[in-house]
2 protein chains.
Amino acid sequence: MYLSQPLATMGSRAPRSTDTVYARLKQHILDNRYPPGAQILESEVAAALNASRTPVREAFVRLQQEGLLEIVPRHGVRISALSPDDMREIYEVLMSLEPTAVELLAARRPDRTELESLITSCDAMEAALAGEPDLQAWAAADEAFHLNLARLCGNKRLAAMIMQVWDQAHRARMFTLSLRPLPVRSTEEHRAVLDAILAGDVERARSIYHAHRKRGGNELTTIIEKHGIQRL
Amino acid sequence: MYLSQPLATMGSRAPRSTDTVYARLKQHILDNRYPPGAQILESEVAAALNASRTPVREAFVRLQQEGLLEIVPRHGVRISALSPDDMREIYEVLMSLEPTAVELLAARRPDRTELESLITSCDAMEAALAGEPDLQAWAAADEAFHLNLARLCGNKRLAAMIMQVWDQAHRARMFTLSLRPLPVRSTEEHRAVLDAILAGDVERARSIYHAHRKRGGNELTTIIEKHGIQRL
DNA sequence: GCATCCAATAATGTATACGTTAATCGATGC
DNA sequence: GCATCGATTAACGTATACATTATTGGATGC
């Protein structure tokens with residue numbers, strides 16, 4: 001056996017500028033460094049990320065399709081801002097897709113090994129609330145739980161769709177994190193879903209999860225209304 | 001009041017090359033002119049559509065995110081081919097999203113005027129089967145019904161997701177159209193869903209639709225297995 | 001003083017040029 | 001005769017140049 005390419009690049013082809021621009025832009029948006037409603041020019045991003053406009057434009061196209069920004073012809077892009085109506089849409093989608101994902105996963109009768117990432121996330125959520133609450137840590141564990149659930153369901157399309165709307169709502173979730181009551185109930189529900197999956201109880205897993213999502217949506221809607229938030 | 005731009009271009013800014021390339025490429029793929037598995041070069045498309053590589057690349061990115069093709073670095077693109085497993089994924093997604101769309105629509109208590117496009121499609125499906133069956137016409141009406149249902153549900157994200165997977169499955173549906181029994185039952189189910197929506201019976205609408213989708217998925221799966229189809 | 005027009009400018013949309021990578025094919029050495 | 005190496009080539013990935021369009025500010029005419 002011989003090498004078909006130089007050792008230096010084996011398995012690690014040079015990363016494309018397009019990909020790094022995409023990743024960094026997305027990170028900036030999710031981290032609220034480019035806040036919702038912000039107008040950005042191609043040349044700004046190109047200069048900031050040390051690339052030419054070509055890869056920046058390709059990254060814009062991808063991010064637009066993911067709903068994180070909007071290309072305004074002749075005017076660069078505008079970072080998407082979520083209205084209360086957008087939040088309703090997102091939660092309706094999640095209430096449809098996520099219970100399905102849970103159902104598919106539970107139906108496969110996975111063992112504890114397969115569910116290790118979920119167990120870890122559950123533990124982390126509980127740990128984040130024991131003693132002095134650490135909301136950032138809790139949110140990270142919550143996110144990990146849901147994304148891993150999507151990944152484990154055995155349907156790549158379903159998983160991609162869940163992650164896409166989850167990303168769209170990321171900033172809103174972070175923003176409202178400190179405005180909502182301590183997520184004790186939410187943490188319990190995660191554990192209950194996990195138990196139902198392990199028990200192979202498809203219907204129970206689905207219904208708990210659906211209720212969990214519905215409660216979360218209502219909670220968020222209440223907060224948004226109470227604070228009169230229009231865009232986030 | 002005066003004109004802010006020449007009359008000739010009022011409301012109709014010059015269409016971007018990117019958009020026409022995207023639309024024509026997508027049409028080609030859905031029409032099976034670029035068959036699944038086909039490898040295409042940027043320069044081929046650029047030459048065929050009389051554009052430069054830049055807009056072609058942007059169209060590729062959009063179509064990749066829609067799942068209609070895959071960008072193979074340094075090797076152009078490959079038109080996506082659906083495996084039986086992909087079909088399973090698509091039907092799982094549709095079985096999750098479409099009943100939700102129906103539920104949302106029915107809950108709004110729409111009147112006959114609002115549902116006109118659905119009524120028209122139902123009529124067209126029945127007409128296509130009365131007398132000498134016209135499968136092409138039936139399929140077009142079926143597609144119109146489902147896409148309009150998605151549009152009417154009041155959730156743009158949900159609608160976009162439904163249309164996306166529907167597009168992915170378009171060729172497969174066309175291909176199996178003549179292999180399946182006459183869609184008499186399917187046509188009746190559409191009418192039943194429509195009646196349930198008009199009656200404002202949310203739960204009945206959802207359950208009929210879910211059953212409809214499930215039966216359709218099983219039917220397709222059976223056909224795929226029976227004919228030993230691996231990619232389409 | 002106000003509206004209109006024009007010119008300058010800035011940013012996008014598209015084309016093209018350049019550099020890099022990977023594959024192919026022939027030559028060479030064992 | 002086979003494997004390996006190298007050169008050629010073809011295609012992509014990126015940068016840049018050019019064309020197009022929309023906006024803005026100032027000048028002009030009424």
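Below, chain A is the first sequence line, B the second, and so on; all start at residue 1.
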**Student:** State which residues pass side chain to side chain contact (heavy atoms under 4.5 Å, CB included) with Ser117(B); sequence neighbours excluded, sorted by chain then number.
**Tutor:**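 Scan of Ser117(B) (side chain to side chain contact (heavy atoms under 4.5 Å, CB included), adjacent residues dropped) gives Asn148(B), Leu152(B).
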
**Student:** Just the rounded figure in Å: distance from P of dA11(C) to CZ of Phe60(A).
**Tutor:** 13 Å

**Student:** Take the protein atom CG of Leu41(B) and the nucleotide atom P of dG13(D), then report the distance between them rounded to whole Å.
**Tutor:** 11 Å

**Student:** Of the options dT12(C), dT14(C), dG13(D), whose atoms approach the side-chain atoms of Pro55(B) most closely?
**Tutor:** dT14(C)

**Student:** Which nucleotide in the list dT14(C), dA15(D), dT23(D) gets nearest to the side chain of Arg16(B)?
**Tutor:** dT14(C)

**Student:** Can you find a side chain N or O atom of Ser52(A) that sits less than 4.0 Å from OP1 or OP2 on dT14(D)?
**Tutor:** no

**Student:** If you look at every heavy atom in Gly37(B) and Ala81(B), which pair is closest and at what distance?
**Tutor:** N-CB, 4.2 Å

**Student:** Could you check how far CD of Gln39(B) sits from C1' of dA10(D), rounded to whole Å?
**Tutor:** 14 Å

**Student:** What's Ser17(A) touching, base or sugar-phosphate or nothing? Going by heavy atoms closer than 4.0 Å.
**Tutor:**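 Sugar-phosphate: the residue Ser17(A), judged by heavy atoms under 4.0 Å, touches backbone atoms but no base.
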
**Student:** We want to know whether Tyr209(A) and His190(A) form a side-chain donor-acceptor pair, criterion being a heavy-atom distance below 3.5 angstrom.
**Tutor:** no

**Student:** As a test of understanding, state which of Leu68(A), Val21(A), Leu25(A), Asp19(A) forms a side-chain contact (heavy atoms from CB on, under 4.5 Å) with Arg62(A).
**Tutor:** Asp19(A)

**Student:** Assess whether one donor atom and one acceptor atom, taken from the side chain of Thr54(B) and the base of dA15(C), lie less than 3.5 Å apart.
**Tutor:** yes

**Student:** Quick check for you: among dT23(D), dT14(C), dT16(C), whose closest atom lies nearest to any side-chain atom of Arg53(B)?
**Tutor:**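 Shortest atom-to-atom distance from the side chain points to dT16(C).
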
**Student:** What does the inter-axis angle of the helix from dG1(C)-dC30(D) to dC30(C)-dG1(D) come out as, five pairs per end, nearest 10 degrees?
**Tutor:**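 The two end axes of the helix from dG1(C)-dC30(D) to dC30(C)-dG1(D) meet at 10°.
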
**Student:** Can you work out whether Arg74(A) or Thr18(A) has the more 5'-proximal nearest nucleotide on DNA chain D?
**Tutor:**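 The residue mapped nearer the 5' terminus is Thr18(A).
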
**Student:** Taking CD1 from Ile71(A) and P from dA11(C), how many angstroms apart are they, rounded to a whole number?
**Tutor:** 17 Å

**Student:** dA23(C), OP1 or OP2 - any side-chain N/O from His75(B) closer than 4.0 Å?
**Tutor:**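 For His75(B), the contact criterion (side-chain N or O under 4.0 Å from OP1 or OP2 of dA23(C)) is met.
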
